Amino acid sequence: MTGPRARRVAPLALALAAALVLTACGSDSKDSTESGGSGSGDVAKEITIWSNSNVFWDWQKANLAPFTQQTGIKVNYTQIPDASIIDKTALAQRSKSDEFAMYEGPTSLIAQDVQLTGGGTDLKPYVDNTSLTGSDFNFSDFAKGGIKDCTFKGTLHCLPVFVDGGVLAVNKKLLSQAGVTKSPTTWAETIAAADAVTQKTGTPGWCTRGSQAGAAIATANQMLSYYIPFNASNQGFFVDQNYKSLLDSPGAVQWANDYQHLMTKDAPKGIGTYTLTNCQNDFDQGKVAMMWDGIVVFNKNELSPAAGSPLAGNVDFVEPSCPGSDPCVATGPWGMFLNPRASKPQQAAAWKLMQYLSSPKVLTDQITATGVPALAVRNSTTEQTFPGVPASVLTALKWVGANSVPNPFPPSSVFNESQDAYQTSISQIVAGKDVNAAMKAAADGQNQVFKQAGLQN
């Protein structure tokens, strides 16, 4: 996938698919670490940070002059291609590298990061340090879900970069033609609406990624999390407190049946090979009525469709409600982390940069410039209005921030491997194969990996 859209959607593919594939690659570059002194309160005058290559990280890199003017801290902003940043960071952690002071990476890999770095870096002492933290920082203004995603076993390891979670984009005109007068707000209503559009108009009522190559597991997980009841003692929504897979539980099997129904009865022909781009193109052209994907992937084509386009005046965004009172949204966005191997002056300087990048003004400027509303990691930013961003998107973002499952991914370095059988099962479900057999195979595969790792009792 190439071009501007690919650059815009890369965080979702990495943030949620990052929990699926991880191998080691090379590492290079060296940090310059001039310090303002030797005491514990010293702040380095130059730091290096590692980030992704993407439209909003491009904006960050181009707009650091005010930070340097305010603090005197020079930032060497190293952007690493999407395909290699996770591997590069993992190898640097294994080798105890001090080449960078701060990095931006997926919160779904916090458990692995903590293991590789020997404990990670707790940000709470920095939050509470009045000599390093401005009086206007207002930690309580961050969306609860983002802070949950950045917290592992009671330790705050990062500040959120963007909010993510599955959202349903709706073509209201196509729904209306099928006699559906309002956007669905539950999965039962979604299936009914998709059926109505497909059967009454001949236009597919539903689209989401169907191919493993298109990281179908990401959008599958975003839907599955609504079906497995949240339990605070579980190790993520996939497994129970003893690392026994829940992929063959009644809720998961019900999800598989509903997912298969949508993918075989209401999706475009050939959905099994569909990537994000295929669904997005079909939705933009009015060829499908609803599209399910992460909030972060939608851009101006969907947020503010051009006059005369099939979506103009007809698009809506909906976050399905939780079936109970417990949180049900599985998110895996990115966070800003301090490198525990960096010196204290380096960490202090990077902490100041974190505050700057997550400040309400910078977030507002960034959202306005990039048109990426998922950057609204603070409650105060979701309460604003932005040119070209529908109010329904900001409402969905706020809802996701309040209903995220804390640490939805099992805290294990073998979680990636445990997803292999599940990915195969998703393909079988999309192909119309037996649902019960597919989910049993997914659970058996996950149990085998966790048992071999010594995690199951």
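Source: prediction; values computed, not measured. Below, each value reflects all heavy atoms present in this structure, side chains not excepted, and no hydrogens, waters or symmetry copies.
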Exercise. If you look at every heavy atom in P327 and S404, which pair is closest and at what distance?
Worked result: CB-O, 3.5 Å
Exercise. Applying the side-chain contact (heavy atoms from CB on, under 4.5 Å) test to Q79, which of E104, K61, Q60 qualifies?
Worked result: K61
Exercise. Would you call V127 and W351 a side-chain contact if the rule is heavy atoms closer than 4.5 Å?
Worked result: yes
Problem set entry | Any side-chain heavy-atom pair of W399 and V318 under 4.5 Å | no
Problem set entry | D42 with K344: basic N within carboxylate O range, under 4.0 Å | no
Problem set entry | Check: Q254/D258 side-chain N/O donor and acceptor closer than 3.5 Å | yes
Exercise. Can you tell me how far OH of Y356 sits from CG of N63, rounded to the nearest 0.5 angstrom?
Worked result: 6.5 Å
For this session: State, to 0.1 Å, how close A330 and Q222 come at their nearest heavy-atom pair, and which atoms those are.
Result: O-CG, 4.2 Å
Exercise. Run the side-chain contact (heavy atoms from CB on, under 4.5 Å) check on F67 and V75 step by step: do they pass?
Worked result: CA-CA 9 Å; F67 172 75; V75 179; 3.7 Å; yes
Exercise. Tell me, do T208 and L262 make a side-chain contact under 4.5 Å, heavy atoms counted?
Worked result: no
Problem set entry | Aromatic ring pairing W292/W206, orientation class (parallel under 30°, perpendicular over 60°, tilted between) | parallel
Exercise. Hey, is the main chain of K74 close enough, under 3.5 Å, to the side chain of E46 for a donor-acceptor pair?
Worked result: no
Exercise. With a cut-off of under 6.0 Å to the ring centre and 45° to the axis, is R378 in cation-pi contact with F142?
Worked result: yes
Problem set entry | Minimum side-chain heavy-atom gap T71-V43 below 4.5 Å | no
Exercise. Nearest heavy-atom pair of S358 and L159: which atoms, and what distance?
Worked result: OG-CD1, 4.0 Å
For this session: Taking Q280 for its side chain and V297 for its backbone only, find out whether a donor-acceptor pair lies under 3.5 Å.
Result: yes
Exercise. Below 4.5 Å, heavy atoms only, C-beta onward: do T381 and L375 meet side chain to side chain?
Worked result: no
Exercise. Roughly how far apart are L397 CG and S392 OG, rounded to 0.5 Å?
Worked result: 10.0 Å
For this session: Compute whether any side-chain donor of one residue and acceptor of the other, for T364 and Q384, lie under 3.5 angstrom apart.
Result: yes
For this session: Compute whether any side-chain donor of one residue and acceptor of the other, for Q355 and Y126, lie under 3.5 angstrom apart.
Result: no
Problem set entry | Geometric class of the W187/Y227 ring pair [parallel <30°, tilted 30-60°, perpendicular >60°] | tilted
For this session: Give a yes or no on whether the backbone of R341 and the side-chain of N339 come within a donor-acceptor separation of less than 3.5 Å.
Result: yes
Problem set entry | N447 (side chain) donor-acceptor with S245 (main chain) under 3.5 angstrom | yes
Problem set entry | Heavy-atom donor-acceptor pair, Q366 side chain to F56 backbone, under 3.5 Å | yes
Exercise. If you measure from OG on S97 to NZ on K88, what distance do you get to the nearest 0.5 Å?
Worked result: 8.5 Å
Problem set entry | side-chain contact (heavy atoms from CB on, under 4.5 Å) assessment of I295 paired with F317 | CA-CA 9 Å; I295 292 173; F317 292 88; over 6 Å; no
For this session: Using modelled atom types only, decide if a donor and an acceptor are shared between the side chain of T68 and the backbone of I73 within a distance under 3.5 Å.
Result: yes
For this session: Answer whether the closest heavy-atom distance between the side chains of C207 and Y274 falls below 4.5 Å.
Result: yes
Problem set entry | Full working for side-chain contact (heavy atoms from CB on, under 4.5 Å) between N278 and T275 | CA-CA 5 Å; N278 296 129; T275 65; 3.1 Å; yes
For this session: Would you check if the side chain of S412 reaches a backbone N or O of V414 as a donor-acceptor pair within less than 3.5 Å?
Result: yes
For this session: Measure the acute angle between the ring planes of F162 and W57, then classify it against the limits of 30° and 60° as parallel, tilted or perpendicular.
Result: perpendicular
Exercise. Under 30°, 30 to 60°, or over 60°: which ring-plane class applies to Y259 and W255, parallel, tilted or perpendicular?
Worked result: parallel
For this session: Flag the pair E383 and K398 as a salt bridge only when some basic side-chain nitrogen lies within less than 4.0 angstrom of an acidic carboxylate oxygen.
Result: yes
Problem set entry | Donor-acceptor pair, side chain of T133 and main chain of T130, under 3.5 angstrom | no
Seminar exercise, completed: Looking only at heavy atoms, the pair that brings G105 and F337 closest together is O-CE1, 3.4 Å
For this session: Show your working on side-chain contact (heavy atoms from CB on, under 4.5 Å) between L303 and N299 and close with a plain yes or no.
Result: CA-CA 6 Å; L303 301 178; N299 59 41; 5.6 Å; no
Problem set entry | Heavy-atom side-chain proximity of I217 to Q419 below 4.5 angstrom | yes
Seminar exercise, completed: Scanning both residues in full, the closest heavy-atom pair of Y422 with A442 reads CA-CB, 3.8 Å
Exercise. Can you tell me how far OH of Y77 sits from CG of L353, rounded to the nearest 0.5 angstrom?
Worked result: 8.0 Å
Problem set entry | Side-chain heavy-atom pair D240, N231 within 4.5 angstrom cut-off | no
Exercise. Mind checking what makes side-chain hydrogen bond (donor to acceptor under 3.5 Å, both in side chains) contact with K148, not counting sequence neighbours?
Worked result: none
Exercise. Roughly how far apart are D128 CG and D122 CG, rounded to 0.5 Å?
Worked result: 9.0 Å
Exercise. Does the Q456 side chain pair with the main chain of F450, one donor and one acceptor, at a distance under 3.5 Å?
Worked result: no
Exercise. In Å and rounded to the nearest 0.5 Å, what is the OH to OG1 distance from Y103 to T89?
Worked result: 7.5 Å
Seminar exercise, completed: Looking only at heavy atoms, the pair that brings A421 and G445 closest together is CB-CA, 3.8 Å
